[in-house]
Amino acid sequence: MAEFLVDLKRTHDCGALRAGDAGKRAVLFGWVAARRDHGGCVFIDLRDRNGLTQIVFEPETNAAAHRQASELRREFCIGVAGTIRERGGHKNPKLPTGDIELAADTLTVFSVAETPPFELSDDTRSDEAIRLKHRYLDLRRPAIQKNFIARSQIYQTTRRYLADNRFLEIETPFMVKYTPGGARNFLVPSRLNPGQFYALAESPQIFKQLFMVAGMDRYFQIVRCFRDEDLRLDRQPEFTQIDLEMSFVTEEDVQNVVEGLMVNLWKDVLGIDIPRPFQRLTHADATGKYGSDKPDLRFDLPLCDLTEVVKKHDGGSVGLLQSAVNAPGGVVKGWRLPAAQAKGLSRADLDKLEEFAKGFGARGLARARLGEGGAWAQSPMKTMTDDLRKAINEAAGLGDGDLVFLQFGTKKLVNAVLGGLRLHLAVKLDLIPKDLWRFCWITDFPLFEASDEGKLVAAHHPFTSPHPADLERLESDPGSVRARAYDLVLNGNEIAGGSIRIHQSDVQARVFRALGLSDEEAQAKFGFLLEAFKFGPPPHGGIAAGVDRLAMLLCGADSLRDVIAFPKTQKGTDLMTDAPGPVARRQLDELHIALKE
RNA sequence: GGGGUGGUAGUUAAGCUUGGUUAUAACGCCGGCCUGUCACGCCGGAGGCCGCGGGUUCAAGUCCCGUCCACCCCGCCA
């Protein structure tokens, strides 16, 4: 008797067979996706990662196999052998293999399966927690498998494209020295060095710059990074980046390489041609017009700066506006929602939006609906002078039935609220066109931003090169200095970020000083890099792109978790393995760690 | 650290506003029938610590307090 795997080798996968194969013998392996037992004959939908093939067991073909088939259940792993047959009048146009079926004469059950804990269909509505607990089953779903097939293509395309462009793939350590600043690090205790810790690398930043010092010229790596920060829909504590660095380049050179990569990815994964060059927006324009440094450009609806108008009218008798524009750095901005869209919002909806605004730390959300002759209805700012109201109507281009939202305060808050509102309502009112890929480079980021304590911190990282034209203001007006940094934004998602680095030690010293870092501190934190830069560093720059986010967008997935094989929950746990978990006291002792009582 | 949503058979949900007989349905599961289904169909059946702990009450899935878990957002993510 012929034995499966030994004599009966797999001849086709479950998505391969077509009408032209009729009459051939075939051996298929896979999982039982569905069973339809008619008593007289038994149909099995056999599934593997390539598709579904209908298997039919009939008593006249092989009575024993037919009997055996009625014992099959969902998710049994089986092998079948038989003859491929055209289905005649019973074709299934919904299946690529629907013209044929395999009339099985031989069946083996490799393993049985318990009833799955959730429905394994593509459109399963089962709670994600239970699917994560049995992730290996969730990963059997064709819709999920499709994501990982696409993700694999992303790796293939990236390696081919970057190799073609003379990049070397070189690895960097995950276990590194802790350097302060930036994301919180996961720490790894050192058994051999009591009281000492490694950090898991949040990025290969410093190492890749050292590759440039070493003359590697062009480096890339598809690399895991670790950040111990709170999770989001689009943020996991360990994530993958396409990290690259190039010597003797300007920002345009780096951007060209990345644009080429994106064009190749969209072509290979989706078969879509993305036009080049990508749009470019300065950071000032992006935050000014859209209130965000990662604007979704699939729709416009820009914000409008009303600071000067309000100033000119001295607050228009509205005390809050008056004090807002008189405060240092205070701005007033508005956002117009045209009448056609605004009519979809009831008064109760607007009240809910106020709660939404408060979520960003706003004290409220002033809004008005334009009525007859530019009058404001449903507005809390009753005391506003007609002059200011008219001036705002004109500045914001307000017409009959339009809604206008006003926000005042610090630039950061105003942009967060109105930019957030713009996005929130676009989703709610379905204003975002589908199947649109709006890539955009955000350029000219500020080099520094103010920390909570009012100190300057690096907006990107401390090795980012200042804009040469702004160098002279590094000491006198550091807040105005632009960085040679750039982000690639796609449909409102930051998918890559990078910069031209500092390679002159005098400039680096001035940046450290601006950051309030003494020579000793700089030496203690980044001494090895500064030391390396004494030995002829080339001008260089690079970028890192988030593979998980790219995969999410390319797959049309709603969540990063749908494109990561074994993702963490929002609390950073793994529901399948139950990580993180406690360890024995003995292990802690070995690591020289004492638990706080 | 803050705000919000949810947790009821294996799964997905209803019931909770207004406490009151045996907690309801669909899918799945088990048994029977069925030779052309493909979300097969028909008949029958089993399946529940209503997340957990406390409280109020004659009585709690339902009201109150606490807690755990999952998800979304803000802060955070150089």
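Heavy atoms only: backbone and side chains are in, while hydrogens, waters and symmetry mates are out. Below, read A as the first sequence line, B as the second, and so on, with proteins coming before strands; counting in each chain starts at 1.
Distances were taken from every side-chain heavy atom of A:P117 (C-beta onward) to each of B:G10, B:C30, B:U37; the shortest belongs to B:G10. For A:K571, counting side-chain heavy atoms from C-beta on, the closest listed nucleotide (B:G28, B:U11, B:C69) is B:C69. Relative to the side chain of A:Q54, the nucleotides B:G28, B:U11, B:C38 differ in distance, and B:C38 lies closest. The side chain of A:S126 approaches B:U12 more closely than any other nucleotide in the set B:C72, B:C40, B:U12. When the nucleotides B:C69, B:C72, B:C38 are ranked by their closest atom to the side chain of A:L233, B:C72 comes out on top. Side chain of A:E119, nearest nucleotide from B:C77, B:A70, B:C27: B:C27. Side-chain proximity of A:R232 to B:C73, B:A39, B:C40: nearest is B:C73.
Residue ring and base: A:F118 does not count as stacked with B:U11 (centre distance below 5.5 Å and interplanar angle below 30° not both satisfied). Taking a centre distance below 5.5 Å and an interplanar angle below 30 degrees as the stacking criterion, A:H90 does not stack against the six-membered base ring of B:C38.
Under a cut-off of 6.0 angstrom, the local environment of CZ in A:F197 is crowded, with over 12 non-hydrogen atoms contributed by other residues, nucleotides or ligands. Heavy atoms from other residues, nucleotides or ligands lying under 6.0 Å from NZ of A:K91 number more than 12.
Within the 4.0 angstrom heavy-atom criterion, base atoms lie near A:R36. When heavy atoms are screened at a 4.0 angstrom cut-off, A:R561 is found touching the sugar-phosphate backbone but no base atom. Heavy atoms of A:D127 sit under 4.0 angstrom from primed sugar atoms or phosphate atoms, though from no base atom. Within 4.0 Å of A:T124, counting heavy atoms only, lies no atom of the nucleic acid at all. Using a 4.0 Å heavy-atom cutoff across all strands shown, A:K358 reaches no nucleic acid atom at all. Within 4.0 Å of A:R87, counting heavy atoms only, lies at least one base atom of the nucleic acid. Nucleic acid contact for A:L575: sugar-phosphate only, since backbone atoms but no base atoms lie under 4.0 Å from a heavy atom of the residue.
Following rounding to the nearest Å, A:L421 (CG) and B:C73 (P) show an atom-to-atom distance of 16 Å. Atom C1' of nucleotide B:C38 and atom CZ of A:R74 are separated by 12 Å, given to the nearest angstrom. For A:Q570 and B:C77, the CD to P distance is 17 Å, given to the nearest whole Å. Whole-Å rounding puts the A:L365 CG to B:G3 C1' distance at 17 Å. Atom CZ of A:R125 is separated from atom P of B:G10 by 18 Å (rounded to the nearest Å). A:D562 has its CG atom 12 Å from the P atom of B:C71, to the nearest Å. Rounded to whole angstrom, the span from the CG atom of A:L120 across to the C1' atom of B:G28 amounts to 11 Å. Between the CG atom of A:D37 and the P atom of B:C38 there is a distance of 14 Å, rounded to whole Å.
With a 3.5 Å ceiling on both atom-pair distances, the Watson-Crick or G-U wobble partner of B:G41 is B:C33. In this structure B:A25 sits in a base pair with B:U12, meeting the Watson-Crick or G-U test at under 3.5 Å. Here B:G47 sits opposite no nucleotide as a Watson-Crick or G-U wobble pair (both hydrogen-bonding atom distances under 3.5 Å). For B:U17, there is no paired base (Watson-Crick or G-U wobble, both distances below 3.5 Å). Under the Watson-Crick or G-U wobble criterion, with both distances below 3.5 Å, B:A70 is paired with B:U5.
Side-chain atoms of A:R131 and base atoms of B:G10 include no donor and acceptor less than 3.5 Å apart. Judged by distance alone, with hydrogens and angles left aside, A:R235 brings a side-chain donor or acceptor within reach of the base of B:C77, the pair sitting under 3.5 Å.
Here, B:C69 and B:C58 have their P atoms 35 Å apart, quoted to the whole Å. Annotation: B:A14 and B:C63 have their P atoms spaced 15 Å apart (nearest Å). One P atom belongs to B:C38, the other to B:C74, and the distance between them is 46 Å to the nearest Å.
For the residue pair A:F512 and A:P462, the shortest heavy atom distance occurs at CE2-CB, 3.9 Å.
A close approach under 4.0 Å does not occur between any side-chain nitrogen or oxygen of A:K91 and OP1 or OP2 of B:G36.
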Report task. Check step by step if side-chain contact (heavy atoms from CB on, under 4.5 Å) holds for A:F566 and A:L132. Result -> CA-CA 8 Å; A:F566 296 102; A:L132 287 175; over 6 Å; no

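For A:R125 and A:F118, the positive end is not near the middle of the six-membered ring at less than 6.0 Å and at most 45° from its axis.
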